[in-house]
Chemist: 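Pasting a structure here, questions to come.
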Amino acid sequence: MRITTIGNASSTATNAPVRGPSAPSAESARIRNDVDAARNTALSALNNDRFRVMLEQITDPGASGALMTIGTGSQDGVVVDFNTALSRYAENSK
């Protein structure tokens, strides 16, 4: 899987045009800052190798079957406690 960014990822707060006769309101500035923070977080995640590996694993067709079987209990009524599930996950992750 290859993840690429499209478009300009520069700050919206510095590039956004000022609309209307007055400066932007505090609310619109806060929204632009929130959008910038979300963009920076997304770009950071896309450049993070651990996140990339996790995305590759969960989008693997073989993994989707394993994810489908995860639940609170199996079809035979056996319920797996949290610690057992963690232990099994750790064993399968090696």
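Residues: numbered from 1 along the sequence shown.
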Chemist: Short question: side chain of Thr41, backbone of Ala37 - any donor-acceptor pair under 3.5 Å?
Modeler: yes
Chemist: Any salt bridge between Asp36 and Arg32, counting N to O under 4.0 Å?
Modeler: no
Chemist: Linking Ile, Leu, Val, Met, Phe, Trp and Tyr by side-chain heavy atoms under 4.5 Å, what else ends up with Leu86?
Modeler: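 Cluster partners of Leu86: Phe82.
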Chemist: Taking Asn83's backbone N and O only, do any of them form a donor-acceptor pair with Ser87's side chain (distance below 3.5 Å, no angle check)?
Modeler: no
Chemist: Salt bridge check: are Glu91 and Arg88 linked by an N-O gap of less than 4.0 Å?
Modeler: no
Chemist: To the nearest 0.5 Å, tell me how far Ser28 OG sits from Asn33 CG.
Modeler: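 So the gap between those two atoms works out to 9.5 Å.
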Chemist: Ignoring hydrogens, what is the shortest heavy-atom contact between Arg50 and Asn48? Give both atom names and the distance.
Modeler: N-OD1, 2.8 Å
Chemist: Rounded at 0.5 Å granularity, tell me how far CE in Met54 sits from CZ in Arg52.
Modeler: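 Here the interatomic distance stands at 11.5 Å.
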Chemist: Please answer: with hydrophobic residues joined when any side-chain heavy atoms are less than 4.5 Å apart, are Ile58 and Val53 in the same cluster?
Modeler: no
